[in-house]
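None of the values given here were measured: they were computed from a predicted structure. Numbered from 1 within each chain, the chains take letters A, B, ... in sequence-line order.
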Amino acid sequence: MDRTFDIKHYRGFFSITCLCLVILYGPLIIVMIYSFNDSVSITNWGGISLRWYVEIFTGLESAKFKAAAWNSFSIAIMAAIVSTVIATAAAIGMIRGGNFKGKFASFALISLPIMVPEIVTAVATLIFFSTIGFKLGTLSILVAHTVFCIPFAYLPISARLQGIDASYEEAAQDLFANRWKTFRYVLMPIMWPGIVAGFLLAFIISLDDFIITNFIKGAGIETLPTAIFGSVKQGIKPNIMALSTLLLLFSIALVTLSYFIGKRGEANQNTQQ
Amino acid sequence: MTSAVSLHDVRKDFGSLTALSDVTLEIEDNEFFTLLGPSGCGKTTLLRMIAGFEGATAGTIRLFGDEIEHLPPNKRPVNTVFQNYAIFPHMNVAENIGFSLRMLGWTKLEIQTRVDEMVEMVKLGALVDRKPSQISGGQQQRVALARAMAPRPKVLLLDEPLSALDLKLRQEMRTELKRLQRDTGITFIFVTHDQEEALSMSDRIAVMSDGKVQQIGTPFEIYEHPNNRFIADFIGETNMLPSIIDTVEGFNLVCQLEGGQTLDALANCDNIPGATGVLSLRPERLSITKTEPTGKILKGELGDRVYLGTDTQFIVKLSAELNLKVRMQNSFFQGANYKTGDTVFVTIADGAARFLVD
């Protein structure tokens, strides 16, 4: 390899990289470390302890957090399931549906929500819900989450489907499988890693959402992000750090899981073409 | 007796593009039938129409007398070996082979029995539990064959199944495919662009180009009696010598070449003196000598020589513009005695010169 083009030899490469990493990950690491702080202060170190983790589950705010966590997870799971099903159908229609009229428009309509500023979606959804008289609450959150998760689920699913040779489906039909069986026994298993990735992405996006949820959740219902925001407004306590650390670890676990599922799928796909 | 597959005036348009036109074919039961042609000639489209993946724009396709145009692929008693095999990556070898039987609702035991039988037939032995990614290209090819043949289709469609294999394996599989076809009695419709494959395996060949069937015949007929210039040129190697007809006596002609030499030739249609066309002469049906023999000969000057191991190929200059390729087997022939610039005589085997109209 020609050393002149080695990226490490560009001046400033190392310092810029370090700067980016520190800005990105420094705060996260500090939050993780201080979640084990024994002190009530968020800036002074008072020794290692798990008291704030205990506090989340038993402390004053524990009931609020538990309810919020339950809301968050149940909404995220349901929204992710429904949006994944819809996104899978959309991907099959878009990619295997041939050249239908309005294909480009459909693609734009599916992808656009990712580019629309979230605050706009939030306000618009709120206005829409109140106009039609839809009662704000868990159900409104679920509906909104399902809808804005669809494009996120669509991305990995359609990417996966695009990489699948259509001859697998033709072979299945040729071997007497009808449309449903072709999907059930051949297409779905092959695109499964994409579906799982889409589901996990939708799940994380839903779990993580603050802006839209905050607008349309209605009174008395909190999800984890809104609950954390509510707590922080009264001053940051170390228990928020512990809660954040738990959420972070959970996200890392999910992403890792989806990575390995994707990898396994690739190994399966890479039979000789 | 009805034909296994019968195509009548089949036409296929993709938008404004005509992929196939005027295709009329009768493929007999138990036949090894090959669709041969260069890429883009419509042979794969035709196969896909028989399988049901493409509909015909016009014409009828019959399978043992029954019209099948309205049936989706999963309702047609034909199976396909795909060019890229399309073996299901998430199933092992046995599950792949048994897939069609599972779709047909066979019991586990019945499936097991048939899969074992197929595994035996294509000699896959110990590989039944392997995933497709864990077996070689040649083995995948066998899985694809076994999978397509498991439901005992009346007609098996093979879409360039050997093109992904290396030469050695390809030659082995030719013999193997022929054996399978003979043993099972299934009608094979085989698509290829490889003339050697077509000649060595087929009972009959349909040569296609530009969406049309150019000629249908046995390998011998196709090779020895090509209908037109395209076929003479596409199948094997040939000399194409521009010529004018001198005299006509039925299908026997005397033709004049550029430079004035004349030659007896056979025609495949009626001709009149003065008509122009080409003479097709296969290089291996010609031989050269230094002394003048009797019979049909051409005289020329020896040009370049190419040693090919089993054969030696000579270029004989008949006139300034006209070169002739001659191929001599090296078994008894002493090629070294022939030097560039020597005057040589070219003997033409009986019936080897074919006149083809422009």
Side-chain angles (χ1 to χ4, degrees), chain A residues 88 91-92 95-101 103-104 156-157 159-199 258 260-273, chain B residues 14-15 47-48 50-54 71-93 95-106 130-141 143-144 147-151 153 155-157 159 164-165:
Chain A
T88 303
I92 293 173
I95 292 163
R96 290 294 197 258
N99 269 323
F100 56 88
K101 210 173 157 192
K103 186 169 181 173
F104 185 77
I157 295 172
R160 174 76 184 179
L161 183 57
Q162 221 137 27
I164 297 172
D165 200 304
S167 64
Y168 291 124
E169 291 140 85
E170 286 183 351
Q173 286 179 54
D174 190 66
L175 297 163
F176 312 124
N178 58 26
R179 279 167 183 276
W180 165 246
K181 283 176 172 171
T182 298
F183 175 73
R184 169 69 189 82
Y185 295 113
V186 174
L187 188 57
M188 196 176 79
I190 300 178
M191 65 189 287
W192 190 243
I195 295 176
V196 171
F199 173 83
S258 107
F260 281 112
I261 290 173
K263 247 194 135 139
R264 227 188 79 209
E266 255 166 56
N268 268 344
Q269 256 268 290
N270 287 342
T271 59
Q272 189 244 349
Q273 287 290 312
Chain B
F14 291 108
L47 199 75
R48 291 174 58 81
I50 300 171
F53 300 125
E54 309 277 357
L71 294 175
N74 54 313
K75 298 265 171 65
R76 298 189 182 196
V78 299
N79 291 105
T80 308
V81 177
F82 289 83
Q83 184 170 12
N84 62 359
Y85 314 145
I87 300 172
F88 306 132
H90 56 294
M91 299 180 193
N92 67 23
V93 168
E95 288 164 343
N96 261 285
I97 297 175
F99 184 81
S100 60
L101 311 175
R102 201 168 125 217
M103 293 302 110
L104 291 171
W106 288 29
R130 298 264 189 97
K131 282 283 174 71
S133 54
Q134 299 165 324
I135 60 177
S136 73
Q139 288 160 344
Q140 291 188 21
Q141 158 82 87
V143 175
R147 185 180 68 175
M149 290 171 84
V155 176
L156 188 72
L157 310 173
D159 185 9
L165 303 178

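- Heavy-atom neighbours of A/Phe104 CZ from other residues, nucleotides or ligands within 6.0 Å: at or below the threshold of 12.
- B/Phe99 and A/Tyr185 have perpendicular rings, their planes meeting at more than 60° on a 0 to 90° scale where under 30° would count as parallel.
- Residues B/Ile87 and A/Tyr168 approach most closely at O-CE2, 3.2 Å, considering heavy atoms.
- Here the closest heavy-atom approach between residue B/Phe82 and residue A/Ala171 is recorded as CE1-CA, 3.4 Å.
- A distance of 7.5 Å separates CE in B/Met91 from CD1 in A/Ile190, rounded to the nearest 0.5 Å.
- Within a 6.0 Å sphere centred on CH2 of A/Trp192, heavy atoms belonging to other residues, nucleotides or ligands number 12 at most.
- Separation of atoms CG (A/Leu175) and CG (B/Leu101) is listed at 9.0 Å; rounding is to 0.5 Å.
- Under a cut-off of 6.0 angstrom, the local environment of CZ in A/Arg96 is crowded, with over 12 non-hydrogen atoms contributed by other residues, nucleotides or ligands.
- A 6.0 Å sphere centred on NZ of B/Lys75 holds no more than 12 heavy atoms belonging to other residues, nucleotides or ligands.
- A/Asp174 contributes atom CG, which lies 10.0 Å from atom CZ of B/Arg76 (distance to the nearest 0.5 angstrom).
- Contact annotation for B/Arg48: only side-chain heavy atoms (C-beta onward) come within less than 4.5 Å of a heavy atom of chain A.
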